[in-house]
Amino acid sequence: MLKRVGTDNCLDCPLGKIRDGEGTLVVKNWIVPDAEVCFHGLGPGKQEAENGTPFIGAAGKKLREAITKAGYDVDKVSFTNSVLCKPPNNKIDSTMTVPCLHHFKESLKLMPNLKIVALCGCDSYTAITGRKVTLKNVYLQPFTLPEYDVLFVPIPHPASILYRADAKNIAYFEDGVKGVFGLLDAQKRTTKEPKYALITSPEKLSIALGLIKEERVLSVDTETTSLKFYNANMICFALSWEDQTAVAIPWKWSQGGDLEYFWEQKEREEIRETFREVFSDTNKAVIAHNSKYDSLIFTKEFGFPISNIKVDTMLLSFHLDSNQPYGLDDVVLRECPEFAGYKQKFWEKVTTAEKDNGTWWKKYQLEEIMRYCAEDASLTYSIAKPMLRRLG
Ligand code: URA
C-alpha cells in the first residue's frame with residue numbers, strides 16, 4: 001500500500017513560509033513499499049504543489065513516459081524530492097535541502113527492497129552528496145555512499161528535455177532512464193557467475209586454442225603494462241564468443257621482478273601460429289574496443305596485426321554519439337548498462353601515477369589481471385550486437 005512521507009505544516013526550512021503564504025501544499029514523498037527503484041528530483045513544481053503529488057506536471061509526465069518506454073511499470077517506482085515544498089524559480093540550496101533530508105532518509109526505511117535511487121539532475125546529486133557536479137561527468141555512473149544501502153545513479157532531470165526538446169537531448173534523457181533499469185537488471189544478474197577460463201597450463205592451452213579456431217565471431221582484448229604502446233608489454237589477452245564467457249591467456253609475467261614469458265618456447269609458438277591463422281581468416285569477424293591499440297600490441301608481441309577486425313565498439317560509440325566518453329566502461333554504462341557493474345572495483349587500489357608509469361600491474365596477482373581482461377573481452381562481445389542494432 002502506498003505510503004507518503006513529509007509533514008503537513010513543515011517549517012523546517014525557508015520554503016515553509018513561502019508555501020504558507022502561497023497556500024500551496026507540502027508534496028510528500030510518494031513511497032511504493034515494494035519499489036526497487038526510486039526517482040529523486042529537485043523539488044515540486046507548480047502543479048505538484050497545488051495537488052500535493054510529486055512528478056505530475058510537465059516534467060513528471062516526461063519522466064513517467066520514459067519509465068514506461070523503458071518497459072517498466074510506473075506504479076512500481078517511488079518518487080521523492082530533495083525539498084518537499086515548491087522552491088521559487090526551481091532554485092534550491094543547502095539551507096533547504098539539509099533540513100529536508102530526513103524525509104528522504106525516512107522514505108528509504110519504508111522501502112526494504114530498494115536497489116537504486118535515480119538522482120534526477122545535478123541539484124538532487126548535490127542535495128545527497130554535498131558535491132557540485134556537471135551531469136555529463138557523472139551520467140549513469142553508479143555510486144554508493146557509506147550511510148546509505150542503495151546504489152545512486154545520476155541521470156538528467158526530466159525538465160531538461162522541456163527546455164531543450166531536440167532529439168539528441170531527449171535520447172540522452174531517455175537512455176538515462178533506460179540505463180537505471182538496465183543497472184537494476186545487472187544487479188539481479190550478478191548472482192550468475194561468469195564463465196571465465198584462466199588458461200595457465202599447457203593442457204588448458206591446447207583446449208582453448210582449439211575452441212578459438214572454431215569460433216566465427218570473437219572479441220579480443222589485451223592487458224598491457226602501459227597504455228603507451230611503445231612502452232607496453234602484453235601481460236595477457238582474452239577472447240570471448242558469448243555473453244559472460246571468455247578465455248584469458250597469459251603472455252608475460254613476473255610477480256614483482258622483471259617480466260618474463262609465461263610459456264616455454266613450444267607453447268609460445270603454438271599460440272603464435274594459432275593467432276596467425278585466426279587473425280588472418282577473412283571468414284572470421286574479430287571485435288575489439290580500440291582495435292588499433294590491440295592490433296599494434298599483437299604486432300609488437302607476435303609479429304603480425306589483427307587483419308580481420310570487423311567491428312570496433314569504440315568507433316561504434318562515436319557513430320552513436322561522438323560527444324560522449326568512449327572508454328569501454330563508459331560505453332557499457334551508456335549503451336548496455338545491463339552488462340555493467342561487476343568490475344568497477346578493479347582500478348580502485350591503483351593510483352594515477354602507477355597507471356602512468358606502467359607499474360600498476362605490480363599490485364595484482366596474474367589471475368586477477370586475467371579475470372579483468374576476460375571481463376573486458378566479454379563486455380566488448382556483449383555490447384557489439386545491441387550497438388550495431390541501434391545504428392541500424
Ligand atoms: N520536478 C521535480 O524535481 N520534482 C517534482 O516533483 C516535479 C518536478
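We count ligands from 1, going down the list as the structure has it; atoms in each ligand are counted the same way. Starting from 1, each residue takes its place in the sequence as its number.
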TODO: Please round to the nearest 0.5 Å and tell me the distance separating atom CG of N357 and atom NZ of K228.
DONE: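 Between N357 CG and K228 NZ, I get 11.0 Å after rounding to 0.5 Å.
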Open item on the list: So for Q47, does at least one of its heavy atoms come nearer than 4.0 angstrom to any atom of ligand 1?
Closed with: no
Task: Cation-pi check, R164 onto F173 ring (under 6.0 Å, within 45° of axis) - done: no
Open item on the list: Whether K349 engages the ring of Y364 as a cation-pi pair (distance to the six-membered ring centre under 6.0 angstrom, angle to the ring normal within 45°) should be assessed.
Closed with: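 Yes, K349 lies over the aromatic ring of Y364.
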Can you list the ligand 1 atoms lying under 4.0 Å from a non-hydrogen atom of [X]?
{"X": "P54", "result": "6 (O)"}
{"X": "H157", "result": "1 (N), 2 (C), 3 (O)"}
{"X": "L42", "result": "2 (C), 3 (O)"}

May I ask you to identify the nearest protein heavy atom to [atom], giving residue, atom name and distance to one decimal place in Å?
{"atom": "atom 7 (C) of ligand 1", "result": "E48 OE2, 3.1 Å"}
{"atom": "atom 2 (C) of ligand 1", "result": "G43 O, 3.1 Å"}
{"atom": "atom 4 (N) of ligand 1", "result": "N81 OD1, 2.8 Å"}

Consider every N or O of [X] and every N or O of ligand 1, then say whether any pair is closer than 3.5 Å.
{"X": "F55", "value": "yes"}
{"X": "G45", "value": "no"}
{"X": "G41", "value": "no"}

Open item on the list: Between H157 and D123, is there a side-chain donor-acceptor contact under 3.5 Å, judged purely by atom types and distance?
Closed with: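 Distance-only check fails for D123 and H157.
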Task: Side chain proximity check, L209 to I271, heavy atoms < 4.5 angstrom - done: yes
Task: Cationic N near anionic O, under 4.0 Å, E368 to R371 - done: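 No.
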Open item on the list: Can you confirm if the aromatic rings of W251 and F298 lie within a centre distance of less than 6.0 Å?
Closed with: no
